[in-house]
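Throughout, protein chains are lettered first and strands after them, A, B, ... in sequence-line order, and every chain is numbered starting at 1. Quick note: numbers below take in every heavy atom, side chains included, and nothing from hydrogens, waters or symmetry partners.
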Number of protein chains: 2
Amino acid sequence: MQRFRGGFPATIDAKGRVKLPARLREQLEDGYGHEVFVCSFFPHELRVYPLPVWELVEERLLSKPAMKPALLKLIERVNYGQLLELDDHGRLMVPALLREMVAVEGEVVVSGRINHLAITKRSRAASILQEESLSDEELEELAGLEL
Amino acid sequence: MQRFRGGFPATIDAKGRVKLPARLREQLEDGYGHEVFVCSFFPHELRVYPLPVWELVEERLLSKPAMKPALLKLIERVNYGQLLELDDHGRLMVPALLREMVAVEGEVVVSGRINHLAITKRSRAASILQEESLSDEELEELAGLEL
DNA sequence: CCCGTTTCGACCACTTCCGACCACTCCATA
DNA sequence: TATGGAGTGGTCGGAAGTGGTCGAAACGGG
């Protein structure tokens with residue numbers, strides 16, 4: 001199974017178009033075709049799932065027996081997602097509704113996350129990478145991971 | 001399993017290219033080929049993993065059951081990494097995004113760290129080597145190590 | 001129902017970037 | 001001094017990214 005890896009810069013223009021970086025687009029189109037499902041789990045990012053992958057994720061979401069509040073919130077968000085196609089330049093046209101709900105526009109980073117792509121504001125990525133080192137407790141957690 | 005050992009000077013030129021020191025490059029290419037994954041765990045350094053090694057590390061990172069905050073931060077950082085190839089001179093082209101986000105440029109040190117290479121600013125390496133002696137507590141920790 | 005406004009997909013043109021290639025210097029060794 | 005490996009710097013063309021126009025379709029109000 002093809003894994004998405006790597007973070008690349010991109011921009012969302014005034015019309016809401018995002019050009020997926022070539023490296024990620026290759027991985028996407030070779031493995032799954034050019035249909036994707038775009039949605040948001042969290043306010044700071046958009047997620048782009050290849051359609052076949054999304055169908056599995058959706059299955060898993062809906063099959064959960066107990067409708068815990070967190071799950072309900074998630075499903076409500078997902079319902080505002082969109083099934084989209086890449087145009088011939090590999091661009092996604094993100095509908096106005098999604099753009100409004102998720103505050104991503106202008107300079108963004110598109111990053112591979114194993115089974116989907118994430119679109120986040122570049123400023124957010126920068127602040128995460130530049131964040132000062134982890135606390136002692138956090139370092140403790142990572143001990144034994146053999147990184 | 002090939003272990004990386006040794007610290008060597010290198011420079012990152014204006015285009016973001018780093019020539020891996022020959023000694024380390026031999027160890028890398030002989031053992032694993034010329035595909036690498038470059039990412040940042042901490043703001044002051046880049047890490048270069050041979051692809052086969054990275055796949056193991058990634059597995060270990062993702063398989064941790066409890067998503068502790070420190071782990072989440074780490075994974076988010078890793079998502080901005082890049083899959084790269086060495087050019088025919090053994091140089092890595094570090095993408096602008098990573099260069100911006102991790103403050104490494106100009107004079108650096110490339111050092112072997114068992115299973116990966118680290119790229120840090122040379123000034124940082126220098127200050128560590130010149131650092132004043134350890135505190136009493138720190139010396140205490142080291143007792144019995146037979147160094 | 002009709003028309004003005006908005007939205008979106010297709011198409012086109014320009015700019016930027018980066019990866020491949022080449023040229024040169026600096027040492028160490030013979 | 002000749003030679004080869006290592007490190008450094010630059011160029012150049014094709015690919016990738018960016019920005020715009022135009023027309024069809026969708027929508028809402030009168």
Side-chain angles (χ1 to χ4, degrees), chain A residues 4 6-30 33-38 46 48 80-102 104-112 117 119-122 125, chain B residues 4 6-30 33-38 46 48 80-101 104-112 117 119 122:
Chain A
F4 297 117
F8 303 87
T11 61
I12 302 188
D13 68 20
K15 295 177 63 181
R17 296 177 298 186
V18 206
K19 179 139 185 160
L20 295 188
R23 300 277 293 276
L24 291 172
R25 197 166 69 241
E26 282 169 24
Q27 297 171 38
L28 177 69
E29 292 186 318
D30 291 357
H34 56 287
E35 275 185 309
V36 297
F37 186 77
V38 179
L46 284 174
V48 180
Y80 297 121
Q82 297 259 353
L83 199 56
L84 299 176
E85 285 193 29
L86 297 184
D87 70 11
D88 53 356
H89 286 249
R91 279 192 287 196
L92 272 184
M93 169 74 194
V94 181
L97 189 63
L98 271 179
R99 266 180 286 151
E100 281 170 29
M101 293 176 58
V102 182
V104 287
E105 55 182 2
E107 308 219 309
V108 297
V109 180
V110 183
S111 55
L117 305 180
I119 302 177
T120 54
K121 274 192 287 193
R122 210 175 297 177
Chain B
F4 297 117
F8 304 88
T11 62
I12 302 187
D13 68 20
K15 294 178 64 180
R17 297 178 296 187
V18 205
K19 178 136 185 162
L20 296 187
R23 300 277 293 278
L24 290 171
R25 195 165 71 242
E26 282 169 26
Q27 297 170 37
L28 177 69
E29 292 188 317
D30 292 356
H34 55 288
E35 275 185 308
V36 298
F37 186 77
V38 179
L46 286 175
V48 180
Y80 298 121
Q82 296 263 352
L83 202 56
L84 299 175
E85 286 192 27
L86 298 184
D87 71 11
D88 53 357
H89 288 252
R91 280 189 289 195
L92 272 184
M93 167 75 193
V94 181
L97 193 65
L98 271 179
R99 267 181 285 149
E100 281 170 29
M101 294 179 170
V104 288
E105 56 182 1
E107 309 220 308
V108 297
V109 179
V110 183
S111 54
L117 305 179
I119 303 178
R122 209 175 298 176

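Put simply, the residue from B/V108, B/V104, B/T11 that forms a side-chain contact (heavy atoms from CB on, under 4.5 Å) with B/R122 is B/T11.
In this structure, A/M93 atom CE and D/dA25 atom P are separated by 17 Å, rounded to whole Å. Between the CG atom of B/L86 and the C1' atom of D/dA6 there is a distance of 15 Å, given to the nearest Å.
A heavy-atom distance below 4.5 Å is found between the side chains of A/V109 and B/M101. With a 4.5 Å cut-off on side-chain heavy atoms, B/V38 and B/P95 do not count as touching. Between A/R25 and A/K19 the shortest side-chain heavy-atom distance falls below 4.5 Å. In this structure the side chain of A/L28 reaches within 4.5 angstrom of the side chain of A/L86, judged on heavy atoms.
A/E85 pairs by the salt bridge (charged side-chain N to carboxylate O under 4.0 Å, His left out) definition with nothing, not counting sequence neighbours.
Between A/L117 and A/F4 the shortest heavy-atom distance is CD2-CG, 3.7 Å.
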Nucleotide by nucleotide, nucleotides 17-22 of chain D touches protein heavy atoms under 4.0 Å in the pattern (B base, S sugar-phosphate only, - none) BBBBB-
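Between the CE atom in B/M93 and the CG atom in B/D13 there is a gap of 8.5 Å [rounded to 0.5 Å].
First and last contacting nucleotides of DNA chain C toward chain B (any atom under 4.0 angstrom from a heavy atom, 5' to 3' order): C/dG19 to C/dA23.
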